[in-house]
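All remarks here apply to the structure that follows.
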Amino acid sequence: PKNASQTLYGGTTCPKCGNEKDSYSEICSDCKRKIEQTCPKCGGYKFSSFDEYCHDCKNELENNEE
């Protein structure tokens, strides 16, 4: 049986990976980090969640602008 917090917040299981998550978060911290650090252009790894693209795509876009 579910406890009250699981009923109110939809459980404590991440819907993306099935791992445990905070009851107030939609997804777990691992899935959130993967989303934040995935390049939207190629799906590669971004070194920082503050970067818009990965290093390779960033260089490619800068070279195309020249």
Side-chain angles (χ1 to χ4, degrees):
K2 293 181 177 181
N3 64 31
S5 68
Q6 287 178 315
T7 303
L8 287 173
Y9 300 108
T12 56
T13 301
C14 177
K16 288 183 121 354
C17 69
N19 287 332
E20 190 175 332
K21 69 173 186 69
D22 294 322
S23 59
Y24 53 82
S25 298
E26 288 185 36
I27 58 176
C28 70
S29 58
D30 287 340
C31 287
K32 185 177 179 183
R33 189 177 315 109
K34 286 177 188 174
I35 290 168
E36 290 174 348
Q37 293 186 321
T38 299
C39 176
K41 189 171 185 321
C42 72
Y45 178 78
K46 297 187 308 182
F47 291 107
S48 169
S49 58
F50 299 109
D51 292 333
E52 190 172 354
Y53 298 104
C54 69
H55 182 73
D56 290 338
C57 288
K58 192 174 180 180
N59 285 341
E60 180 183 319
L61 290 169
E62 287 172 357
N63 287 337
N64 287 340
E65 289 177 2
E66 294 173 357

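We use all heavy atoms of the structure for the numbers below, so side chains are in, but hydrogens, waters and symmetry mates are not.
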Report summary line: For D51 and K58 the tightest heavy-atom approach is OD1-NZ, 4.3 Å
Query raised in the report: Is there a side-chain contact between E62 and N59, using heavy atoms and a 4.5 Å cut-off?
Result: yes
Query raised in the report: Considering all heavy atoms of both residues, which atom of P15 and which atom of E26 are nearest to each other, and what is their separation?
Result: CD-O, 3.2 Å
Report task. Quick one: pull up OG in S29 and NZ in K21 and give me the separation to the nearest 0.5 Å. Result -> 11.5 Å
**Report entry** Closest contact, heavy atoms only, F47 versus H55
**Finding:** CE1-CB, 4.3 Å
Report task. Indicate the atoms forming the closest heavy-atom contact of G18 with T13, along with that distance. Result -> O-CG2, 3.3 Å
Query raised in the report: What is the distance from atom NZ of K34 to atom SG of C17, rounded to the nearest 0.5 Å?
Result: 6.5 Å
Query raised in the report: Are any non-hydrogen side-chain atoms of C54 and Y45 less than 4.5 angstrom apart?
Result: no
Query - Nearest non-hydrogen partners of K16 and I35, listed with the distance - result: CE-CD1, 3.8 Å
Report task. Check K41 against L61 and note the closest heavy-atom contact, atom names and distance. Result -> CE-CD2, 4.0 Å
Query raised in the report: Are more than 12 heavy atoms from other residues, nucleotides or ligands located less than 6.0 Å from atom CD of E36?
Result: yes
Query raised in the report: Crowded around K32 NZ? As in, over 12 foreign heavy atoms under 6.0 Å?
Result: no
